[in-house]
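For reference, the structure discussed in these notes is given below.
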There are 2 protein chains.
Amino acid sequence: MTESICSSSSCAQCGFRSSIFSSLTDEQLKELTVQKSFHKVGKGEVIVEQGSSINGFIFLRVGLAKLARINPDGREQIAGIATPNDFVGLLSIFSSKTYKYSIIAIEDSEYCQVDYQLVMDLVETNGKFSKSLLEKFSSVSDLLVGTRLELELRQLRGRVAFIICYFANEIYKDKTFNLPISRKEIAELIDMRVENVVRTLSEFRRDKIIKIEGTTIEILDQEKLKWIKMHG
Amino acid sequence: MTESICSSSSCAQCGFRSSIFSSLTDEQLKELTVQKSFHKVGKGEVIVEQGSSINGFIFLRVGLAKLARINPDGREQIAGIATPNDFVGLLSIFSSKTYKYSIIAIEDSEYCQVDYQLVMDLVETNGKFSKSLLEKFSSVSDLLVGTRLELELRQLRGRVAFIICYFANEIYKDKTFNLPISRKEIAELIDMRVENVVRTLSEFRRDKIIKIEGTTIEILDQEKLKWIKMHG
DNA sequence: TATCAAATTTGATTTTTAACAACGTAACTA
DNA sequence: TAGTTACGTTGTTAAAAATCAAATTTGATA
């Protein structure tokens with residue numbers, strides 16, 4: 001998919017206006033509007049490449065992206081999923097020169113990139129902005145760590161149930177949704193093997209807990225799924 | 001252990017001076033010195049209780065502390081270990097009203113507590129301080145997530161080897177050290193069961209990879225341990 | 001449309017880990 | 001000091017997950 005300039009001329013209308021950027025002055029907002037670059041990427045496209053040097057902040061406006069890293073042995077791990085209005089790649093942005101994770105769109109996505117120095121200038125000059133940034137940073141990191149610990153607490157069936165509930169409740173807010181990631185990616189996200197993920201999904205289908213049609217998943221038995229998520 | 005007032009009258013001499021607080025003006029530093037409370041705790045003592053309301057920032061000066069959470073089913077997980085000059089409990093501090101983790105000393109420790117509002121005021125008024133705080137925050141979160149992912153990549157033997165190397169290289173910088181946590185706590189840290197941790201340690205001892213005397217561990221075969229850490 | 005590569009699926013088997021049980025030991029306490 | 005409790009240890013068994021193998025489906029491409 002080709003990248004194009006954002007149609008909205010000002011960042012004032014952006015979803016971030018209401019969160020991070022709400023504290024900016026008109027002048028700062030204008031500077032941001034002029035400086036930022038807007039990008040559209042299709043599913044599967046790489047937004048940020050692991051190991052590349054950090055040159056800006058990335059704000060996901062629309063879509064979904066995975067935070068992934070490839071280990072020396074070639075195995076890929078997915079640390080988490082970034083949702084709209086998330087700062088992505090935020091984790092190491094202030095403490096590393098290079099991105100430690102790739103950010104890859106798992107749905108058609110739109111994001112804005114803002115120059116690193118501009119954000120740092122805002123941090124230095126606008127206290128309220130710093131505060132918002134710290135809050136955002138905090139909630140993103142906290143959620144990431146919390147989710148990993150939640151997953152570690154469970155075994156295969158519980159983890160798969162957790163992820164289905166996660167997409168249904170947190171991401172799509174609907175009991176029917178298009179699973180944006182492959183079985184292999186689910187496995188990489190919950191630290192299990194593809195075969196076991198597939199087997200578990202088939203099991204859930206056999207037990208009439210979920211319905212699978214292509215990439216669409218429908219939760220049929222919310223109660224049972226929740227039970228497995230909590231005790232399975 | 002009874003808590004006492006810090007002997008050093010000013011925060012200027014503190015280890016944090018060189019990191020987070022280096023950007024403070026003399027006046028701000030004085031305010032900090034007056035406001036902060038200094039505490040000493042013995043091994044095992046609770047610095048922060050999970051679920052209690054957040055009322056301040058905690059800076060670990062001396063010692064070691066574990067970041068632990070107890071799950072509804074009573075199982076404890078250790079998210080990570082805080083080392084001197086770490087901000088602890090930082091993770092959710094800007095995004096939650098209550099601590100999501102208990103912070104418990106695993107060695108005799110000293111820490112300072114600074115009022116939440118004072119730090120927030122500094123964030124709002126001192127841009128350089130905000131920047132330092134973001135950097136610290138970033139590196140702490142990044143390390144925490146990175147370590148969890150590293151652990152997930154390994155199985156039992158690799159995880160135990162990882163933890164031994166972690167204490168030897170990162171914490172004590174010595175091939176001989178006093179293990180500050182119990183077998184059960186190692187298990188909670190690497191998401192395995194006590195029995196398996198014990199068995200693995202015994203195995204390492206039998207294979208002359210480590211020597212165990214009471215709580216003291218000595219790495220005998222650095223190479224073999226590293227190999228297990230990477231491939232075991 | 002034919003072909004190829006990747007993803008999905010199921011089965012069989014092995015390896016890894018958890019669970020259970022039992023016992024020694026060290027630390028704490030009445 | 002005796003008793004209690006948590007910790008550490010080892011063995012045995014059961015459960016869970018990884019691995020290996022093979023077939024099928026799907027999707028992209030020539």
Side-chain angles (χ1 to χ4, degrees), chain A residues 1 42-45 66 71 73-78 104 106 151-164 178-207 210-217 228 231-232, chain B residues 42-45 66 70-71 73-78 104 106 151-164 178-207 210-217 228 231-232:
Chain A
M1 196 171 292
K43 177 172 177 154
E45 277 189 88
K66 65 174 176 180
N71 293 98
D73 67 347
R75 235 176 100 192
E76 185 168 323
Q77 288 180 296
I78 299 180
I104 300 172
I106 57 174
L151 282 171
E152 284 183 16
L153 215 49
R154 294 163 168 81
Q155 46 197 38
L156 182 57
R157 285 168 55 88
R159 290 187 191 183
V160 173
F162 185 93
I163 287 302
I164 296 173
N178 261 309
L179 195 66
I181 56 177
S182 70
R183 308 289 189 259
K184 182 155 163 289
E185 285 170 314
I186 296 179
E188 285 160 359
L189 183 56
I190 68 174
D191 193 35
M192 292 280 162
R193 299 295 155 164
V194 201
E195 296 94 323
N196 291 323
V197 170
V198 168
R199 242 184 284 273
T200 307
L201 287 172
S202 301
E203 221 174 282
F204 287 174
R205 180 179 45 198
R206 174 170 54 70
D207 297 344
I210 58 172
K211 192 163 100 184
I212 307 176
E213 263 174 26
T215 59
T216 303
I217 287 188
I228 295 170
H231 314 101
Chain B
K43 176 171 179 156
E45 277 189 88
K66 65 175 176 179
I70 295 176
N71 293 99
D73 67 347
R75 234 175 101 191
E76 185 168 323
Q77 288 179 296
I78 299 180
I104 301 172
I106 57 174
L151 282 170
E152 285 182 16
L153 216 49
R154 294 162 168 81
Q155 46 197 38
L156 181 57
R157 284 168 56 87
R159 290 188 190 182
V160 173
F162 184 93
I163 288 301
I164 296 173
N178 261 309
L179 195 66
I181 56 177
S182 69
R183 309 289 191 258
K184 182 155 161 289
E185 286 170 313
I186 296 179
E188 286 160 357
L189 183 57
I190 67 173
D191 192 35
M192 292 280 162
R193 298 297 153 162
V194 201
E195 296 95 321
N196 290 322
V197 170
V198 168
R199 240 184 285 273
T200 307
L201 286 173
S202 301
E203 221 174 284
F204 287 174
R205 180 180 45 200
R206 174 170 53 69
D207 296 344
I210 58 172
K211 192 162 102 184
I212 307 175
E213 262 173 26
T215 59
T216 303
I217 287 188
I228 296 170
H231 314 99

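Since this is a predicted model, take the numbers as computed values, not measurements. Numbers restart at 1 for each chain; the letters A, B, ... are given by sequence-line order, proteins then strands.
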Practice prompt. List the protein contact pattern of nucleotides 22-30 of chain C with one symbol per nucleotide (5' to 3'): B for base contact, S for sugar-phosphate-only contact, - for none; contact means a heavy-atom distance under 4.0 Å.
Written response: ---------
Worksheet item: Going by heavy atoms in the side chains, are B:K66 and B:I181 under 4.5 Å from each other?
Response: no
Please round to the nearest 0.5 Å and tell me the distance separating atom [atom1] of [X] and atom [atom2] of [Y].
X	Y	atom1	atom2	value
A:I210	A:L201	CD1	CG	5.0 Å
B:L179	B:I164	CG	CD1	8.0 Å
A:N196	A:Q155	CG	CD	11.5 Å
B:I106	B:K43	CD1	NZ	7.5 Å
B:T200	B:R159	OG1	CZ	11.5 Å
B:R199	B:E195	CZ	CD	6.5 Å

How long is the line joining [atom1] of [X] and [atom2] of [N], in whole Å?
X	N	atom1	atom2	value
A:R157	C:dA18	CZ	P	18 Å
A:L156	C:dT17	CG	P	15 Å
B:D73	C:dA19	CG	C1'	15 Å

Response to the item:
Per side-chain contact (heavy atoms from CB on, under 4.5 Å), A:F162 is matched among A:L151, A:L153, A:L189 by A:L151
Can you give me the closest heavy-atom contact between [X] and [Y], atom names plus distance?
X	Y	value
B:D191	B:R75	OD1-NH2, 3.6 Å
B:V194	B:A187	N-CB, 3.6 Å
B:G214	B:R183	O-NH2, 4.4 Å

Worksheet item: Under the salt bridge (charged side-chain N to carboxylate O under 4.0 Å, His left out) test, which residues partner A:R154, sequence neighbours left out?
Response: A:E150
Worksheet entry | Helical bend (five base pairs per end, nearest 10°) for the helix from C:dT1-D:dA30 to C:dA30-D:dT1 | 40°
Practice prompt. Using the heavy-atom set of chain A and a strict 4.0 Å cut-off, write down the first and last nucleotide of DNA chain D that makes it in, 5' to 3'.
Written response: D:dA16 to D:dC20
Fill in: Donor-acceptor contact present, side-chain A:N71 to main-chain A:D73, <3.5 Å
no
Worksheet entry | Any donor-acceptor pair under 3.5 Å from B:R205 side chain to B:I212 backbone | no
Worksheet item: Which of residues 178-191 of chain B sit near DNA chain D, with a heavy atom under 4.0 Å from it?
Response: B:S182, B:R183, B:K184
Fill in: Electrostatic pair B:E188-B:K184, nearest N-O below 4.0 angstrom
yes
Discussion item. Which residues in residues 193-207 of chain B have a heavy atom closer than 4.0 Å to any atom of DNA chain C?
Written reply: B:R193, B:E195, B:N196, B:R199
